[in-house]
Amino acid sequence: MRSDNVTKGVQQAPHRSLFNALGYTKEELDRPLVGIVSSYNEIVPGHMNLDKIVEAVKMGVSMAGGTPIVFPAIAVCDGIAMGHTGMKYSLVTRDLICDSTECMALAHQFDALVMVPNCDKNVPGLLMAAARINVPTVFVSGGPMLAGHVKGKKTSLSSMFEAVGAYAAGTMSAEDVEEYENKACPTCGSCSGMYTANSMNCLTEAIGMGLKGSGTIPAVYSERLKLAKHAGMKVMELLEKNIRPRDIMNEKAFINAMTVDMALGCSTNTMLHLPAIAHEAGVELNLDMANDISARTPNLCHLAPAGPTYMEDLNEAGGVYAVMNELNKKGLLYTDMITATGKTVAENIEGCVNKNPEVIRPIDNPYSETGGIAVLKGNLAPDSGVVKRSAVVPEMMVHEGPARVFDCEEDAIAAIKGGKIVAGDVVVIRYEGPKGGPGMREMLNPTSAIAGMGLGSSVALITDGRFSGASRGASIGHVSPEAAVGGPIALVEEGDIIKIDIPNNSLNVDISEEEMAKRRAKWQPREPKITTGYLARYANLVTSGNTGAILKNRLDS
């Protein structure tokens, strides 16, 4: 056991004296030490219940013969951080979470780990850490929020942001906005649509690192506490069998995850996180694969914001395993790999039927024959741009219009809410990429303002930043290379005609190569927006969005 390095032998007597100071008994130190990574805090709604989840995991570990020991991971609430400088600190926490978990796990020589994340960057950050540390590991999330109810309709956080846009357009009263404010987010849990947190929790099941229901059982259900106990018990089985994250997260598992991603219609942020997790697992995953997988994978779900169904509906319909079972009817998954259940994918999904064809479309009656995400390329995005195709209205799948260029999110929002953006425009927000932001802010405020102003079916938005999973419409993010390193998005001028063709995966600005070369010759790098602290260090180390915005490492250079 790895923990023998701190619990066994005379040389470890000083170590044991410190365990004695913590109140651990000899009997506890004779058992495997299982680290439980708790993302609990009192600022993130999806994390306020994690103390209960952690207690249940501890009970499960103890029941199965291990000694559970809790240590923390930080978390940022993307919704609270949205629309101001706080959003610069969202994506960057992914690497802090990974690094700090590595430090804690290896410094204290844990034999196994149970990861308890829930929102946004915690899930990918801890998946990255699991791959890096590579001791037997199980994930159990805190679960999704129940949908809100306003005027007889289900709602979620995206409804709330769009209500603000509707108020700015004069189509909603302050009283109605207040009703949304009080009812849109009614419980603890990750926000109730297929946003980034729920996307990554569902893909944790698909990739094989979470137990059935980890991505979909609502946070307030007692069933989630039972799941947490089983996760604690299961990690002891994985330890006994020596099944490790890199045994589970191989190339086939990542292809499975991308396939399920396309079927579910997940957040575009998965196109940042899956390559970063794969990198830690020693698997090469490039975005060119996404379109190949999308071409053969039907989109089966239209969860909010793409449609009127929510995570609780997906759970009742059979959850992620039911989606996987539908996909397997056409042989779209690899089913022979081992997972954190101790069983293969085939064994996991056997008998997991689709209980509601309105929530999970049958494989022979999909929303579309192609997947929920598309990667676009062209002279505006030579490396890539990413769009949630399943949340784009049909009339915006192909669009051509004049560029309205803004060098930061705040200027774009002012123009949108000021009525300066009109039908047909293409809003370009640049210098918001991983380096330029720094931190690659999410653009939920501008996309929600566009929708709230009634322009969602006539205005596109393009950025080297990224989008919340709550964004909908022709919102193309992750444009690479980004403006801060001289990518073509930095060379776009007001009024240039932008051509978007999502079915053909293309994104272009209608200027000649000669004109592009002239503009490039004149372009000068901008002074960094932030020159001190963690963000300055992050900007210096981070790579492009198309590589997953991973941090440069001398070993990788």
Side-chain angles (χ1 to χ4, degrees), residues 82-83 153 155-174 176-177 180 184 193 195 267-268 302 304-308 374 376 380 385-430 432 441-477 479 489 492 494-503 507 509-510:
M82 194 71 64
K153 294 183 178 180
T155 61
S156 60
L157 183 65
S158 53
S159 308
M160 181 71 254
F161 276 91
E162 290 178 15
V164 174
Y167 175 76
T171 59
M172 183 176 287
S173 69
D176 284 341
V177 173
Y180 272 93
Y195 311 148
S267 163
T268 51
H302 269 191
L376 312 183
L380 185 52
V386 180
V387 64
K388 188 172 183 175
R389 173 166 42 195
S390 60
V392 180
V393 294
E395 54 266 39
M396 290 298 290
M397 295 295 282
V398 177
H399 180 75
E400 183 175 316
R404 304 299 308 281
V405 182
F406 304 93
D407 287 349
C408 67
E409 177 189 7
E410 289 81 0
D411 290 349
I413 292 171
I416 295 165
K417 291 187 175 179
K420 297 179 181 179
I421 302 301
V422 300
D425 285 348
V426 178
V427 176
V428 176
I429 305 177
R430 61 193 182 190
E432 290 285 7
R441 288 195 288 180
E442 288 185 344
M443 301 292 153
L444 178 56
N445 271 346
T447 58
S448 298
I450 287 170
M453 297 286 283
L455 298 170
S457 61
S458 59
V459 169
L461 195 155
I462 297 172
T463 181
D464 53 7
R466 59 197 177 93
F467 292 106
S468 164
S471 293
R472 61 187 176 98
S475 304
I476 301 166
V479 169
I489 193 172
V492 176
E494 187 81 7
D496 284 347
I497 299 301
I498 305 292
K499 295 183 175 182
I500 301 166
D501 188 342
I502 295 173
L507 177 63
V509 55
D510 191 17

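Note that the coordinates shown come from a computational prediction; the quantities given were computed from them, not determined experimentally. All values below come from the heavy atoms of this structure, side chains included, with hydrogens, waters and symmetry mates left out.
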Hey, does Asp407 have a side-chain heavy atom less than 4.5 Å from the side chain of Arg430?
yes

Which atoms form the tightest heavy-atom contact between Val492 and Ala403, and what is the distance?
CG1-CB, 3.7 Å

Option passing side-chain contact (heavy atoms from CB on, under 4.5 Å) with Asp496 (candidates Val426, Leu380, Val509):
Val509

Ignoring hydrogens, what is the shortest heavy-atom contact between Ala184 and Thr155? Give both atom names and the distance.
CA-OG1, 3.6 Å

Spell out, as yes or no, whether a donor-acceptor pair under 3.5 Å connects the side chain of Arg404 to the backbone of Lys420.
yes

Positive for side-chain contact (heavy atoms from CB on, under 4.5 Å) with Ile476, one of Val387, Leu461, Thr268
Val387

Nearest heavy-atom pair of Tyr180 and Met172: which atoms, and what distance?
CE1-CE, 3.7 Å

So, taking the atom named CZ in Arg466 and the one named CG in Leu444, what distance separates them when rounded to the nearest 0.5 Å?
11.0 Å

Taking side chain as C-beta onward, heavy atoms only, is Met160 less than 4.5 Å from Val177?
yes

So, taking the atom named CD1 in Ile416 and the one named CG in Asp411, what distance separates them when rounded to the nearest 0.5 Å?
11.0 Å

Distance in Å, Ser458 OG paired with Met396 CE, rounded so as to fall on 0.5 Å steps:
6.5 Å

For Ile489 and Val428, run side chain to side chain contact (heavy atoms under 4.5 Å, CB included): C-alpha distance rounded to whole Å, both residues' side-chain angles, the deciding distance at 0.1 Å, then the answer.
CA-CA 8 Å; Ile489 193 172; Val428 176; 3.8 Å; yes

Evaluate Ser468 against Met82 for side chain to side chain contact (heavy atoms under 4.5 Å, CB included), listing each step before the verdict.
CA-CA 9 Å; Ser468 164; Met82 194 71 64; 4.3 Å; yes

Could you check whether any side-chain heavy atom of Tyr195 comes within less than 4.5 Å of a side-chain heavy atom of Ser156, counting everything from C-beta outward?
yes

Is there a side-chain contact between Val164 and Lys417 (heavy atoms, below 4.5 Å)?
yes

Determine yes or no for a side-chain-to-main-chain donor-acceptor pair under 3.5 angstrom, with His302 supplying the side chain and Pro308 the backbone.
no

Under 4.5 Å between any side-chain heavy atoms of Leu507 and Ile498, yes or no?
yes

From Phe406 CZ over to Glu494 CD, what is the distance, rounded to the nearest 0.5 angstrom?
6.5 Å

Once you round to the nearest 0.5 Å, how far does OG1 of Thr447 lie from CG of Leu455?
12.5 Å

How would you list, by chain and number, every residue that makes a salt bridge (charged side-chain N to carboxylate O under 4.0 Å, His left out) with Arg441, sequence neighbours excluded?
Glu409, Glu410, Glu432

Heavy atoms, side chains only, cut-off 4.5 Å: are Lys388 and Pro305 in contact?
yes

Does any non-hydrogen side-chain atom of Ile500 lie less than 4.5 Å from one of Ile462?
yes

What pairs with Arg389 under salt bridge (charged side-chain N to carboxylate O under 4.0 Å, His left out), at least two apart in sequence or on another chain?
none

